[in-house]
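Hydrogens, waters and symmetry mates are skipped; everything else that's a heavy atom, side chains included, is used. Note that the structure is predicted; figures quoted are calculated from it, not measured. Just so you know, residue 1 is the first one in the sequence shown, and it goes up from there.
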Amino acid sequence: MPTKIRLQRKGKKGQPFYHIVIADGRAPREGKFIEKIGVYNPLEKPAVIEISFDKALGWLQKGAQPTDTVRAILSYKGVLYKYHLLKGVAKGALTAEQAEVRFQAWLGEKEAKILNKRKEHELSVKDALKKQKEEEIKANEVKAQAIAKKLAKLQEKEAEEAASQAEVPAENAEAPAAEAPAEEAKQE
């Protein structure tokens with residue numbers, strides 16, 4: 001029975017989540033599987049990969065073939081490198097202690113790289129947010145200036161209208177006052 005190490009899709013539409021499983025190569029993608037050895041969530045930044053290192057290594061030694069995506073995941077986690085070193089130990093190219101030292105050195109470098117990438121990602125997110133806030137502040141200032149200009153124009157118009165309305169009633173008020181004495185003279 002040819003066994004495969006592959007991804008089994010879970011999650012809803014547009015939000016994939018995968019289980020890393022050992023399955024018969026002839027079984028359907030979401031079908032029966034032999035053993036679940038981990039999970040993979042590509043939506044997180046950085047992607048979340050949780051895998052049982054020893055189980056994955058054991059299945060590789062038994063002859064299970066990973067799919068391309070799972071091969072990349074196993075390589076990222078160091079399972080394939082450990083498998084490679086163990087094959088070298090079996091051939092007598094190096095000792096188990098040398099293999100373990102090499103693996104631990106590789107693992108330390110890999111963790112440092114991952115940590116640096118996370119820090120760079122966090123800094124880029126912070127810079128993007130800072131830049132976005134600055135752009136929003138500039139846009140708000142431009143909007144505030146435009147509103148201030150409109151308000152100034154409206155106030156000028158209102159002042160002109162108030163002044164013109166004040167002049168018209170003053171002329172109308174003088175005319176009846178001038179006519180009033182004439183009317184009084186007629187009545188006498």
Side-chain angles (χ1 to χ4, degrees), residues 1-140:
M1 170 168 86
T3 56
K4 290 266 191 190
I5 304 175
R6 65 179 179 200
L7 298 178
Q8 187 178 48
R9 191 178 197 282
K10 301 289 183 181
K12 57 186 180 181
K13 183 178 179 181
Q15 296 180 343
F17 181 84
Y18 299 96
H19 289 182
I20 302 170
V21 297
I22 309 298
D24 182 0
R26 298 167 290 191
R29 182 180 70 176
E30 278 85 24
K32 289 173 44 176
F33 60 90
I34 299 169
E35 184 178 11
K36 177 182 161 191
I37 61 170
V39 294
Y40 169 57
N41 185 358
L43 296 179
E44 299 280 328
K45 287 289 181 180
V48 173
I49 301 170
E50 296 174 7
I51 192 164
S52 175
F53 191 90
D54 295 330
K55 287 182 182 179
L57 186 61
W59 278 102
L60 281 174
Q61 289 173 335
K62 291 177 189 174
Q65 295 296 313
T67 60
D68 292 338
T69 307
V70 174
R71 182 180 304 278
I73 290 171
L74 294 178
S75 177
Y76 180 79
K77 284 299 198 178
V79 176
L80 289 179
Y81 186 61
K82 180 78 170 193
Y83 177 63
H84 172 73
L85 290 174
L86 290 178
K87 285 191 336 187
V89 169
K91 290 180 181 179
L94 52 126
T95 65
E97 293 81 22
Q98 291 173 333
E100 187 62 30
V101 168
R102 285 185 181 183
F103 181 71
Q104 291 301 327
W106 178 87
L107 195 59
E109 291 174 9
K110 183 72 170 180
E111 288 175 359
K113 285 181 184 178
I114 292 170
L115 187 61
N116 287 337
K117 285 225 177 198
R118 278 193 183 144
K119 286 180 181 180
E120 288 174 7
H121 178 70
E122 289 173 1
L123 287 175
S124 66
V125 168
K126 285 180 183 179
D127 290 342
L129 287 175
K130 188 176 180 180
K131 188 174 183 181
Q132 182 181 6
K133 284 182 183 181
E134 290 173 357
E135 290 174 359
E136 286 178 9
I137 290 170
K138 288 178 183 178
N140 288 340

Donor-acceptor contact below 3.5 Å, side chain Gln8 vs main chain Gly31: yes
Result of checking Asp54, Ile73, Val70, Leu60 against Val79 for side chain to side chain contact (heavy atoms under 4.5 Å, CB included): Leu60
What's the verdict on side chain to side chain contact (heavy atoms under 4.5 Å, CB included) for Lys10 and Tyr18, showing C-alpha distance, side-chain angles and the deciding distance? CA-CA 5 Å; Lys10 301 289 183 181; Tyr18 299 96; over 6 Å; no
From CG (Asp24) to NZ (Lys4), nearest 0.5 Å: 10.5 Å
In terms of the angle between their ring planes, are Trp106 and Phe103 parallel, tilted or perpendicular, with boundaries placed at 30° and 60°? parallel
Working note: Leu57 + Tyr83, criterion side chain to side chain contact (heavy atoms under 4.5 Å, CB included); need CA distance, chi angles, decisive distance, verdict. CA-CA 7 Å; Leu57 186 61; Tyr83 177 63; 3.7 Å; yes
Any side-chain heavy-atom pair from Ile114 and Pro46 closer than 4.5 angstrom? no
Do NZ/NE/NH1/NH2 and the carboxylate oxygens of Lys82 and Glu100 come within less than 4.0 Å? yes
Taking the basic N atoms (NZ, or NE/NH1/NH2) and the acidic carboxylate oxygens, is any pair closer than 4.0 Å for Glu35 and Lys55? yes
Return the CG to CD distance between Leu115 and Glu120, rounded to the nearest 0.5 Å. 10.0 Å
Within this structure, what is the CD1-CZ distance for the pair Ile22 and Phe33, rounded to the nearest 0.5 Å? 10.5 Å
Rounded to the nearest 0.5 Å, what separation is found between the NE2 atom of His19 and the CG atom of Asn41? 10.0 Å
From CG (Asn140) to NZ (Lys133), nearest 0.5 Å: 13.0 Å
Output for pair (Ile5 CD1, Thr67 OG1), nearest 0.5 Å, gives 8.5 Å
Partner residues of His121 under the side-chain contact (heavy atoms from CB on, under 4.5 Å) criterion, sequence neighbours left out: Lys45, Ser124, Val125
